[in-house]
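Worksheet: one structure, shown below.
Bear in mind that the values here come from a model prediction, so they are computed numbers and not experimental data.
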Amino acid sequence: MTTTAAELLDYDDVVARFEPVMGLEVHVELSTATKMFCGCANRFGGEPNTQVCPVCLGLPGSLPVLNQSAVESAIRIGLALNCDIAPWGRFARKNYFYPDQPKNYQISQYDEPIAVNGYLDVPLDDGTTWRVEIERAHMEEDTGKLTHLGSDTGRIEGATTSLLDYNRAGVPLIEIVTRPIENTGDRAPEIARAYVTALRDLLRALGVSDVRMDQGSMRCDSNLSLMRKGATEFGTRTETKNVNSLKSVEVAVRYEMRRQAAILEAGGTITQETRHFHEDGYTTAGRSKETAQDYRYFPEPDLEPVAPSVELIERLRGTIPELPWLTRKRTQQDWGISDEVMRDLVNIGALDLIAATVEHGVSSDSARAWWGNFLVQKANEAGVELAALPITPAQVAAVVKLVDDGKLSNKLARQVVEGVLAGEGEPEQVMKDRGLEVVRDDSALQKAVDEALAANPDVVEKIRGGKVQAAGAIVGAVMKATKGQADAARVRELVLAACS
């Protein structure tokens, strides 16, 4: 049963009486070319059940083969999280019955994860950092996807039909598990969101995943319990499953804090269970939470142990990039922009695109103006991420240079960009094919100016009478006559010269 807003405890009362304890489990699909244990393609959005084979369907007699690229990605993730990399470890079978797992078990790591005992120093909005300790990061395979039809919520309750798509079954997955996050007080929701944000940015910088929470390639399970102020033992926890946006992580933690506190204050007890998060901002009960024993783990007999060499680990250590928020801070200083502007650029996914455009020899202001304004509008109109637009930083830089060289006005440049987005070719070719280059020929401009002056004698008299600003009307008429291709500054010079 859903807890109503009236039944939730006021947030200030919650943090005055209770101390929240969080644990965050983040599942990340790796962007390898193939799946974890077979050669099927690993890509999002294929026709249902077209990226499958006997191995990922769990057919009798099929044998798994470990994806080396996935192992290397897992090691790089562990190193970036300051973890110890295990010199030897086995996979296990995690047994359970559910139709999205065709084998009725999941190949995962249980008591021998690839990476352990790490931490991530998470930047917060006030400029401070919060150290989140990492218990483990382990490798496993993803499950298939169930689509329930006929229910109002899209869940199995009330559904009349369930459809199974096994394309995702067997996709390489890394689960990153924190240690209990304590002593956060009223900042618990903020810290949860900041951690998942930092983790997403780090994984994107590593290039191991596209971390698209909206597509499920990064998902967060949020564990939350409360203990009364002064208590020493953790309370009973709930696990809110598959939270799929940064904002939702924060909302889910805050809601569970208020819900659990209301129950405890009323003398009730918390049920250890999984809970579903609803985008309207609340959670509902799922199922009782299983323990590790319920899964009957045992070593996977069909796979060799994973034993990365010291040489491999050190080679991969050399590929770890600078922490993205440190890169952002340095970039922000170089570009001379405010914290607010930087946050906006990060939120719309423009930062890397702008930086790449600057590398092609244009100013950060010009690159930011294009990606942060006109192009983000185009992305919104198309309903895609900014990076998915069919234009490259090199092409944007070429447009900027055409403007700087006086060959295009800003208005004409937007038409050129639209041509590039439409697949008409490189910027200079689009400019030529569409006939958009700025007219700088004095003879052509003079003819247009003379015609505009002849059509507006009253304006001419004003200019000759000392009202120089009236020249704008003539310039506007010339720009209209030349379809915006005239050099406005040169037009103004010719107008004033003709009226002097």
Side-chain angles (χ1 to χ4, degrees), residues 26-37 41-44 65-89 91 109 112-123 129 131-142 171-178 195-213 217-218 304-331 334 346 349 351-356 358-360 387 392-393:
V26 176
H27 297 78
V28 182
E29 289 183 350
L30 301 179
S31 52
T32 52
T34 57
K35 292 185 181 181
M36 190 69 173
F37 301 114
N42 172 23
R43 61 176 180 267
F44 179 82
V65 177
L66 183 57
N67 186 326
Q68 179 179 343
S69 178
V71 174
E72 292 185 359
S73 291
I75 293 171
R76 294 180 69 230
I77 291 170
L79 293 171
L81 293 173
N82 304 290
C83 290
D84 299 325
I85 305 302
W88 190 91
F91 280 96
Q109 291 186 307
E112 297 172 283
I114 187 73
V116 295
N117 300 328
Y119 64 87
L120 184 62
D121 288 329
V122 176
T129 60
R131 175 163 292 189
V132 174
E133 295 187 350
I134 307 297
E135 179 180 294
R136 58 190 282 150
H138 65 262
M139 297 181 286
E140 58 188 23
E141 59 179 336
D142 211 345
V171 166
L173 200 66
I174 302 297
E175 181 175 354
I176 302 165
V177 182
T178 71
Y195 166 72
V196 179
T197 301
L199 192 57
R200 181 199 61 175
D201 292 347
L202 178 59
L203 295 168
R204 182 184 289 137
L206 287 169
V208 296
S209 173
D210 63 11
V211 288
R212 289 285 300 273
M213 297 187 78
S217 58
M218 180 173 175
E304 292 280 344
V306 179
S309 66
V310 173
E311 291 76 18
L312 173 63
I313 294 171
E314 291 310 308
R315 177 175 67 80
L316 295 175
R317 193 188 303 276
T319 69
I320 306 302
E322 179 182 41
L323 292 173
W325 42 95
L326 298 182
T327 304
R328 285 200 296 267
K329 196 66 180 176
R330 180 165 42 78
T331 300
D334 290 344
V346 171
L351 188 60
D352 291 342
L353 295 167
I354 295 170
V358 170
E359 289 178 2
H360 288 281
T392 66

**OP:** Could I get the full list of side-chain hydrogen bond (donor to acceptor under 3.5 Å, both in side chains) partners for D334, not counting sequence neighbours?
**Re:** none
**OP:** Go through the side-chain N and O atoms of H138 and E140 and say whether any donor and acceptor fall under 3.5 Å apart.
**Re:** yes
Subject >> Atom pair CD1/CD1 of I174 and I75 - distance to nearest 0.5 Å >> reply: 10.0 Å
Original post:
Which residues pass the side-chain contact (heavy atoms from CB on, under 4.5 Å) test with Y119, sequence neighbours left out?
Top reply: N82, D121, R131
**OP:** Decide yes or no for T178 and E133: does some side-chain heavy atom of the first lie under 4.5 Å from some side-chain heavy atom of the second?
**Re:** no
**OP:** Give, for atom CZ of R136 and atom CD1 of I176, the distance between the pair rounded to the nearest 0.5 Å.
**Re:** 12.0 Å
Subject >> Residues that T129 engages under side-chain hydrogen bond (donor to acceptor under 3.5 Å, both in side chains), provided they are two or more places apart >> reply: none
Subject >> With sequence neighbours excluded, residues passing side-chain contact (heavy atoms from CB on, under 4.5 Å) with A70 >> reply: L30, T32, M36, N67, P172
**OP:** Could you list the residues that satisfy side-chain contact (heavy atoms from CB on, under 4.5 Å) with A198, not counting sequence neighbours?
**Re:** L120, V122, P123, W325
**OP:** Evaluate salt bridge (charged side-chain N to carboxylate O under 4.0 Å, His left out) for E322 paired with R330, printing each intermediate quantity in order.
**Re:** CA-CA 11 Å; E322 179 182 41; R330 180 165 42 78; 2.6 Å; yes
Original post:
Taking only residues two or more places apart in sequence, or in another chain, which ones meet E314 in a side-chain contact (heavy atoms from CB on, under 4.5 Å)?
Top reply: V310, R317
Original post:
Is there a side-chain contact between I134 and N117, using heavy atoms and a 4.5 Å cut-off?
Top reply: no
**OP:** List for me each residue that meets salt bridge (Lys or Arg N to Asp or Glu O under 4.0 Å) alongside E72, sequence neighbours excluded, and say none if there are none.
**Re:** R315
**OP:** Using the test salt bridge (Lys or Arg N to Asp or Glu O under 4.0 Å), find all partners of D352 that sit at least two apart in sequence or belong to another chain.
**Re:** none
Original post:
Tell me, do V71 and P308 make a side-chain contact under 4.5 Å, heavy atoms counted?
Top reply: no
Original post:
Is any side-chain heavy atom of L326 closer than 4.5 Å to a side-chain heavy atom of L323?
Top reply: yes
**OP:** Give the C-alpha distance, both sets of side-chain angles, the deciding distance and a yes or no for side-chain contact (heavy atoms from CB on, under 4.5 Å) between D210 and R204.
**Re:** CA-CA 6 Å; D210 63 11; R204 182 184 289 137; over 6 Å; no
Original post:
Got E304 and L66 here, is their nearest side-chain heavy-atom distance under 4.5 Å?
Top reply: no
Subject >> For R328, salt bridge (Lys or Arg N to Asp or Glu O under 4.0 Å) partners two or more places apart >> reply: D201
Original post:
Who passes side-chain hydrogen bond (donor to acceptor under 3.5 Å, both in side chains) against T319, sequence neighbours left out?
Top reply: R76
Subject >> Polar side-chain atom of S209 near backbone of E29 as donor-acceptor pair, under 3.5 Å >> reply: yes
**OP:** Determine whether V28 and L173 make a side-chain contact, defined as any pair of heavy atoms from C-beta on separated by less than 4.5 Å.
**Re:** no
**OP:** Would you mind reporting whether M213 and V196 have side-chain heavy atoms less than 4.5 Å apart?
**Re:** yes
**OP:** List the steps and the verdict of side-chain contact (heavy atoms from CB on, under 4.5 Å) for R200 and M218.
**Re:** CA-CA 8 Å; R200 181 199 61 175; M218 180 173 175; 3.7 Å; yes
Subject >> Rounded distance [0.5 Å steps], CD1 in I85 versus CD1 in I313 >> reply: 6.0 Å
Subject >> Minimum heavy-atom distance between A137 and P113, given as atom pair plus value >> reply: O-CB, 3.9 Å
Original post:
Who are the side-chain hydrogen bond (donor to acceptor under 3.5 Å, both in side chains) partners of E135, not counting sequence neighbours?
Top reply: none
Subject >> Qualifying residues under salt bridge (Lys or Arg N to Asp or Glu O under 4.0 Å), relative to E311, sequence neighbours excluded >> reply: none
Original post:
Atom CD of E112 and atom CZ of F91: how far apart are they, to the nearest 0.5 Å?
Top reply: 11.0 Å
Original post:
Can you check whether L202 reaches P324 side chain to side chain, under 4.5 Å on heavy atoms?
Top reply: yes
Subject >> Shortest non-hydrogen contact between G207 and S31, atoms and distance >> reply: O-OG, 3.8 Å
